[in-house]
J.: 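Below is a structure I'd like to ask you about.
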Amino acid sequence: MNNDSRKLIIASNRLPFVFERKGDSWKLIPGSGGLVTALAPVLRDRGGVWIGWPGITGAVDISDQLSFASNTAGFSMKPVHLEEEDVRRYYIGLSNEVLWPLFHDLQSYCNFDPSYWQAYMDINARFAQVIGENAGPEDFIWVHDYHLLCTASELNKIGITANTGFFLHIPFPPLDIFTNLPWRTEILHSMLDYDIIGFQTLRDRRNFIQCLRTFVDDISIEGKGQILTATVGGRSIRIGYFPISIDYNEFSQMAGTREVADAAWYIHEDLPKGKIVLGVDRLDYTKGIPYRLRAFENLLEKHPELHRKITLLQVVVPSRRNIPMYENLKIKIERMVGEINGRFTRSGWVPIHYIFRSLDRPELLAYYRTAEIALITPLKDGMNLVAKEYCASNIEQTGVLILSEFAGAAPQLKRGAILVNPYNIEEVSDAIFDAWRMDLRERRSRMKKLQSSVARNDIYRWVNSFLNASIAGNLDDFPPVGYMEPL
Ligand code: ADQ
């Protein structure tokens, strides 16, 4: 795969650009999600096609903008068109009101509306159609994430024979939770039409295998190490785990620029009172922001000596605003920030600074570089790239990472981070206190461990590892990517 001429076809729900209306025309904005951050540099380097929904509905001609986006990005982009009703049932519905909460173990947030399923399958078939129009038999088709679990079976139906791979960016839930899914067997069987299936962590793969053993008749699973082989109906499917990462060098080099250094200086100049605790998340109930705010409040209650000496800077990037639960979460966060600030603010010191907008890269890096403590406490997360970005950007090596044990990044980063249960408010509050008073030597030693682990296992290693696993002849010798130890 590395040095042959087979094209790489990427399919994901969204194209790596967002189209936003500006009067009579459309403006292109680079996407901000983890998937875009991870894959754009790779496609740019090797060329290929990215297939996805441009994010707008209706009969709008965006071909000029797509050509422009393709030229700018350095790879071709092909759109999959969705109508309002498709968005409502496939995207908001099955993807984000069923699979997203269920796969993050939040089954009480699910809306198992029966009308969602057919729409989900229809759109997976539409993606397959566009993939089929762009892929030759020798190409490798790499499909991403929970919106497209069933695309391989639709590719089969239209006779596409190219090799296919699938990577799930979010967690795969334990059997007890997955069992609740009304379409559990259909989904598992469809997933088995991919030639290789990748998960973020050993935890996710273990859950998936357990579900396969429970719901798929006559399946056998063999092998050990990073890649297993499942055999069913005369077909073999590779199943592995591939912890995603970041472009470490790009982050650390950019964090060292004058522009970022100046911006970082201004951030601390504005907040001269002690240490900054940084939270950076997409607006999402899986990221645990309300629990985090409670933990910070608990810290201020227990440690009056920290008043005026610590500030929580919570950055939230707007996301999925068309889904009511997300709008409610925003209101909840703003109310909590207001209440805590109302209680503790003193002249010259506001304990929580709240930013609700997307930041450009240098600004984001300035926050990473200058914050003494990063507080990253998702209730569950496939990986969490913010944790890795913080480490890469903390070039003075004085920062402390507090990380949820339920983030996919936890097994890799546990030797340098302080791991916490995000639901345990007392524990998180104690962890902030420990980080606040940690001496310089320990901070340095922990940050060095974190940085060397993220630098070794960067995004390029992730992509190579997935693509090599897709074609490797002998899996016994398959080199493990990154860390192997389970949590
Ligand atoms: P996300 O849920 O989006 O990704 P994450 O991995 O943390 O979560 O990635 C978020 C990305 O958004 C980061 O690259 C970060 O730089 C960027 N970002 C965050 N706040 C921002 C801000 N205010 N302004 C600009 N950019 C901001 C999904 C899964 C994760 C998995 C990734 C990749 O949910 O678990 O790690 O895909 O597989």
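Counting starts at 1 for both ligands and their atoms, in listed order. Since the structure is predicted, the reported quantities are computational estimates derived from the model, not experimental observations. Residue numbers start at 1 and run along the sequence shown.
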J.: Which of the numbered atoms in ligand 1 are below 4.0 angstrom from a heavy atom of Gly382?
T.: 35 (O)
J.: Fit a plane to each ring of Phe466 and Trp142, take the angle between them on a 0 to 90° scale, and name the class: parallel (under 30°), tilted (30 to 60°) or perpendicular (over 60°).
T.: parallel
J.: For Asp86 and Trp53, test the side chains for any donor-to-acceptor distance below 3.5 angstrom and give the result as yes or no.
T.: no
J.: Out of Ile246, Val315, Ile355, Leu359, who is nearest to atom 25 (C) of ligand 1 when you count heavy atoms only?
T.: Leu359
J.: Ring-plane angle category for His144 and His169, please: parallel below 30°, perpendicular beyond 60°, tilted otherwise.
T.: tilted
J.: Enumerate the atoms of ligand 1 whose separation from the nearest heavy atom of Arg357 is less than 4.0 angstrom.
T.: 23 (N)
J.: By number and element, which atoms of ligand 1 are closer than 4.0 Å to a non-hydrogen atom of Glu389?
T.: 13 (C), 14 (O), 15 (C), 16 (O)
J.: At a 4.0 Å threshold, what atoms of ligand 1 neighbour a non-hydrogen atom of Leu364?
T.: 16 (O)
J.: State which residues pass ring pair (Phe, Tyr, Trp, His ring centres under 6.0 Å) with Tyr109; sequence neighbours excluded, sorted by chain then number.
T.: Tyr285
J.: Do ligand 1 and Met383 have nitrogen or oxygen atoms that lie under 3.5 Å from each other?
T.: yes
J.: Any atoms of ligand 1 less than 4.0 Å from a non-hydrogen atom of Val280? List them with their elements.
T.: 19 (C), 20 (N)
J.: Using a plain distance cutoff, I'd like to know if Leu385 has any nitrogen or oxygen under 3.5 Å from a nitrogen or oxygen of ligand 1.
T.: yes
J.: Once you measure the plane-to-plane angle for Tyr354 and Phe356, does it fall in the parallel (<30°), tilted (30-60°) or perpendicular (>60°) bin?
T.: parallel
J.: Enumerate the atoms of ligand 1 whose separation from the nearest heavy atom of Ser358 is less than 4.0 angstrom.
T.: 24 (N), 25 (C)
J.: Say whether Trp100 and ligand 1 are in contact under the criterion: heavy-atom distance to a ligand atom below 4.0 Å.
T.: yes
J.: For ligand 1, which atoms sit closer than 4.0 Å to a heavy atom of Val317?
T.: 20 (N), 21 (C), 22 (C), 23 (N)
J.: Would Asn384 count as a polar contact of ligand 1, with the cut-off being nitrogen or oxygen pairs under 3.5 Å?
T.: yes
J.: Could you name the option among His169, Arg361, His144, Glu363 that has the heavy atom nearest to atom 29 (C) of ligand 1?
T.: His169
J.: Pick whichever of Lys380, Lys287, His104 has a heavy atom sitting closest to atom 8 (O) of ligand 1.
T.: Lys287
J.: In this structure, which one of Asn134, Leu8, Thr164 forms a side-chain contact (heavy atoms from CB on, under 4.5 Å) with Ile141?
T.: Thr164
J.: Answer with yes or no whether the side chains of Asn249 and Tyr460 bring together a donor and an acceptor at under 3.5 Å.
T.: no
J.: With backbone taken as N, CA, C and O and side chain as the heavy atoms from C-beta onward, which portion of Ile244 lies under 4.0 Å from ligand 1: side chain, backbone, both, or neither?
T.: side chain
J.: At under 4.0 Å between heavy atoms, is it the side chain or the backbone of Arg282 that contacts ligand 1, or both, or neither?
T.: side chain
J.: Is it true that a side-chain atom of Asn394 and a backbone atom of Tyr390 form a donor plus acceptor pair closer than 3.5 Å?
T.: no
J.: What atoms of ligand 1 come within less than 4.0 Å of a heavy atom belonging to Gln200?
T.: 31 (C), 38 (O)
J.: Could you list the residues that satisfy side chain to side chain contact (heavy atoms under 4.5 Å, CB included) with Ser319, not counting sequence neighbours?
T.: Arg282, Leu283
J.: How are the rings of Phe178 and Phe172 set to each other: parallel, tilted or perpendicular (split at 30° and 60°)?
T.: tilted
J.: How close do Ala469 and Arg238 get, heavy atom to heavy atom, and via which atoms?
T.: O-NH1, 2.8 Å
